[in-house]
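What follows is one structure encoded as structure tokens, with my remarks underneath.
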2 protein chains.
Amino acid sequence: MRKPLLAALLATAVSSIALAHDTPAVVPGTSALATTLVRIRDAALASDYAWQQTAILTDEIGPRLSGSKGAAAAVQRVAAELRALGLDVKLEAVKVPHWVRGAETATLTNWKNRADGLSHKLAVTALGGSVATPRQGLSAEVLPVRDFAELAALGRDKVKGKIVLFSAVFDERMNAAGRAGDAYGAAVAYRANGASKAAALGAVAALNRSAGPVGNYQPHTGSLRYADNAPKIPAAAIAAEDALLIERLSAKGPVTMQLTLTPQTLPDADSFNVVADLKGRELPDEIVLVSGHLDSWDLGPSAQDDATGVAAAMQVAATFKQLGITPRRTLRVVAWMNEENGVMGGKTYAKTHADEIARHVAVMEMDSGSGHPTGIAANVPPVALPLLKPISEVLAGIGAGIVDFRLTAVGVDIGPLSEAGVPGFAPLTDGRDYFTIHHTAADTLDKVNPRFLAENAAVLSVLAYALAECEPLPRLPVTP
Amino acid sequence: MRKPLLAALLATAVSSIALAHDTPAVVPGTSALATTLVRIRDAALASDYAWQQTAILTDEIGPRLSGSKGAAAAVQRVAAELRALGLDVKLEAVKVPHWVRGAETATLTNWKNRADGLSHKLAVTALGGSVATPRQGLSAEVLPVRDFAELAALGRDKVKGKIVLFSAVFDERMNAAGRAGDAYGAAVAYRANGASKAAALGAVAALNRSAGPVGNYQPHTGSLRYADNAPKIPAAAIAAEDALLIERLSAKGPVTMQLTLTPQTLPDADSFNVVADLKGRELPDEIVLVSGHLDSWDLGPSAQDDATGVAAAMQVAATFKQLGITPRRTLRVVAWMNEENGVMGGKTYAKTHADEIARHVAVMEMDSGSGHPTGIAANVPPVALPLLKPISEVLAGIGAGIVDFRLTAVGVDIGPLSEAGVPGFAPLTDGRDYFTIHHTAADTLDKVNPRFLAENAAVLSVLAYALAECEPLPRLPVTP
């Protein structure tokens with residue numbers, strides 16, 4: 001492994017936008033690279049390329065669930081757009097789960113003081129991968145619990161035969177305070193694992209309060225994980241408002257629900273990662289990878305999950321092309337398939353490109369919405385953080401408040417590469433509004449702020465170019 | 001007409017919470033009435049009665065569209081609750097329109113650059129009173145226009161055979177600046193009158209961008225008015241996000257929609273206004289009326305439109321009962337039927353009670369959501385405004401910022417009484433969040449702030465008691 005050169009940079013007290021490199025033949029001297037990074041940053045900020053690509057993916061294509069026609073159309077379209085940029089584009093085969101939504105209704109059919117003939121229709125959506133109820137639905141009492149401990153305390157006698165509702169609160173204060181991901185992580189455990197935990201105690205179906213702030217009466221879909229040691233029961237998310245309704249009614253007396261979910265899991269489908277290279281001018285076998293995921297949930301156009309991530313990654317190449325810049329290493333733009341329900345794109349890539357992983361110098365995935373970037377998440381050894389400071393200083397100039405890096409896990413699709421030791425990055429974004437629309441029909445293009453999206457594209461572009469020019473960062477320990 | 005006595009009050013420079021009256025036998029002196037008003041205010045603020053009644057109407061009953069089982073159940077339940085308070089309750093027959101929603105789907109089936117097999121499903125809801133499309137739906141190009149002028153400029157040649165989309169912008173800045181009603185009024189003209197304007201030029205259907213802020217991807221229903229001189233065509237609202245989508249796609253090329261709406265207008269149904277009297281101790285034939293409307297749209301529990309209005313009106317009686325107070329005049333609590341699509345409750349009452357209208361001293365209807373009250377809308381002769389100042393001063397004490405009255409039209413149901421000269425009132429509320437959920441499935445109980453609702457109940461209670469005690473205000477000129 002080469003010695004990181006950025007370290008020398010700090011040692012020599014460069015100016016706030018100076019960045020060192022070791023390719024004097026091409027970028028003569030410290031200030032030249034810094035100047036190039038500033039040009040890249042400003043070109044990315046001035047461009048609407050990512051916004052236009054997001055519009056194509058959302059307005060012209062729409063939902064892109066793995067195995068769907070939308071996903072297939074997105075593959076072809078993104079490949080065409082990247083070819084139009086002059087990149088070397090490959091469609092790399094990926095077998096993906098093929099789950100399709102069916103009918104979905106949840107109706108409260110009895111509660112205390114109900115007048116004859118009344119029922120309450122809820123906002124419900126099956127979780128990705130859920131098995132179906134009987135075609136005519138099932139009817140059972142709803143048992144709301146706030147957490148797994150409360151479920152366990154109730155025990156099999158109370159849970160058996162019930163529809164368990166995990167009415168876990170999404171921490172809106174945490175979300176508003178800049179920890180959107182943590183708030184989501186806490187709530188989403190019930191979506192991911194609730195069905196099997198409930199099934200293990202005899203429940204006939206599981207519901208979760210949607211993992212997001214209360215307010216827009218949207219059910220949030222997302223994937224679940226069935227455990228091997230519990231029956232597979234149907235699972236769905238309901239709008240937070242309806243979870244609160246059930247809590248209130250249940251406090252007065254038993255509540256009965258008629259639940260119908262008829263999704264199907266079809267045979268695995270053929271799909272693709274889109275992999276597009278802009279060959280490096282000097283070290284073409286070494287790779288800096290920028291990416292987003294092309295698949296999405298099926299409830300809506302999924303603008304910020306993750307059309308904007310794909311589009312911003314594409315803009316890195318577009319910016320280099322626009323400026324006539326060829327980086328020292330190869331820039332690889334990847335649009336991943338199947339992030340949402342299987343990660344088969346990321347896993348397949350790691351296998352197919354196994355012999356090449358050692359030459360992946362850095363990987364990036366943008367998949368936390370396209371809010372104003374507030375920093376950079378870095379999955380790197382701690383020793384690498386100070387080496388990145390000069391890049392951070394270039395990015396601070398975009399008004400994004402990027403003054404440091406945060407050590408954390410990054411994108412799901414690049415997880416296998418991180419496990420293999422490749423330093424990983426993602427923009428940290430202002431996510432306050434993200435989980436309101438996340439995995440719902442409301443994740444629409446109009447909510448994408450073009451300026452913030454361009455800022456994210458600038459972050460990726462600057463980071464990608466700097467890492468493609470300089471000596472490699474120290475790698476992560478390989479996960480056994 | 002008696003001389004308003006409140007005028008004397010101001011002339012004698014009372015203290016900020018003093019209020020004069022002319023019933024010394026019962027409330028001995030100015031300060032006694034003021035003290036009573038303060039007691040009423042504070043009792044109303046401390047009570048959760050209105051919140052509990054709102055919970056009954058939303059959680060236990062739900063949507064209450066005229067002619068529905070929900071509306072019928074609400075009539076019985078509110079009557080029972082008012083009887084439980086000890087009021088003299090009558091159900092007064094009202095014939096109401098009986099419109100029922102059917103299937104409703106809007107799908108974009110073609111647009112420029114559409115890949116084979118793709119379509120876009122929109123969030124759509126029929127407008128109340130709309131006629132149906134053919135059962136299999138209709139298919140036509142969508143023609144977005146921003147306003148009536150643009151439609152007229154296009155003319156019959158361009159409009160004929162199209163689905164016209166009135167993509168009028170809801171003025172969110174005006175809404176945020178405290179003029180929610182004005183913002184709504186401007187946008188709702190297209191929902192109310194768009195279908196006939198479009199039909200007059202040969203359109204086959206009309207859509208409107210939902211009359212509310214963009215953001216939660218909810219379609220907002222509401223009533224339309226068919227003109228006599230144009231064909232009746234099907235009409236629906238789409239989510240604002242989808243209107244923006246159509247605008248963007250239409251800018252690139254023609255957009256085709258498949259639209260299916262199968263509502264039905266059934267024969268008029270039998271329903272009721274709930275009319276409950278707390279007999280006045282001295283002038284039982286003179287009436288101060290407080291009200292909200294019991295019917296609602298059918299998409300959701302309609303907490304703020306208008307369960308809270310009914311509940312706050314009920315709380316006026318509850319507060320008087322709790323304090324053991326009997327006002328000088330009769331307090332009449334009315335829960336109106338059919339505000340949303342016909343106003344048959346208000347119109348019928350005005351006819352049935354025609355001989356009594358001259359003895360209606362004041363009428364109130366709360367129907368602008370239950371946000372923090374910021375003042376009082378008063379439909380009174382301008383000369384009456386200063387007479388109300390002392391009441392305003394009592395109410396300023398609730399921290400509601402009520403420092404004055406605003407001359408404006410008030411409740412739809414009490415319109416016929418206003419036309420007959422009766423001074424009318426309503427709380428002015430902070431409506432910034434109201435039109436986001438108005439007429440959607442998202443108008444749920446959890447969005448009702450119990451404190452703000454109690455503040456509104458306090459406003460109605462204080463106003464009702466003061467007007468029931470004091471000399472009558474000058475009446476409005478009678479509309480010929």
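Residue numbers start from 1 in every chain, and the chains themselves are labelled A, B, ... in the order their sequence lines are given, proteins ahead of strands. Values below: every heavy atom of this structure, side chains too, minus hydrogens, waters and symmetry copies.
- Heavy atoms of other residues, nucleotides or ligands lying less than 6.0 angstrom from NZ of B:Lys112 number 12 at most.
- By the 6.0 Å contact criterion, CG on B:Asp433 is open, its count of non-hydrogen atoms from other residues, nucleotides or ligands being 12 or less.
- Heavy atoms of A:Ile61 lying under 4.5 Å from chain B belong to its backbone as well as its side chain.
- Here B:Gly215 is the residue among B:Gly70, B:Ala72, B:Gly215 with the most heavy-atom pairs under 4.5 Å with chain A.
- Neither the backbone nor the side chain of A:Ser119 comes within contact range of chain B; no heavy atom of the residue lies under 4.5 Å from a heavy atom of that chain.
- To the nearest 0.5 angstrom, B:Asp59 atom CG is 11.0 Å from A:Asn113 atom CG.
- Contact count versus chain A (heavy atoms, under 4.5 Å) is highest, among B:Ile56, B:Asp446, B:Thr444, for B:Asp446.
- Residue A:Lys447 touches chain B through its side chain alone, counting heavy-atom pairs closer than 4.5 Å.
- One finds the CD atom of A:Glu241 at 11.0 Å from the CG atom of B:Leu445 (value rounded to the nearest 0.5 Å).
- Residues B:Trp111 and A:Glu60 approach most closely at NE1-O, 3.1 Å, considering heavy atoms.
- Contacts of B:Thr440 with chain A are absent, with no heavy-atom separation under 4.5 Å from either backbone or side chain.
- Residue-environment remark: CZ (A:Arg432) stays at or below the threshold of 12 foreign heavy atoms within 6.0 Å.
- By the 6.0 Å contact criterion, CD on B:Glu141 is enclosed, its count of non-hydrogen atoms from other residues, nucleotides or ligands being greater than 12.
- Highest contact tally toward chain A, considering only B:Ala442, B:Ala55, B:Ala115, is held by B:Ala442 [criterion: heavy-atom pairs under 4.5 Å].
- A distance of 12.5 Å separates CG of B:Asp116 from CD of A:Gln76, quoted to the nearest 0.5 Å.
- Residue with the most contacts toward chain B among A:Lys69, A:Lys252, A:His120, A:Arg114: A:His120 (heavy-atom pairs, distance under 4.5 Å).
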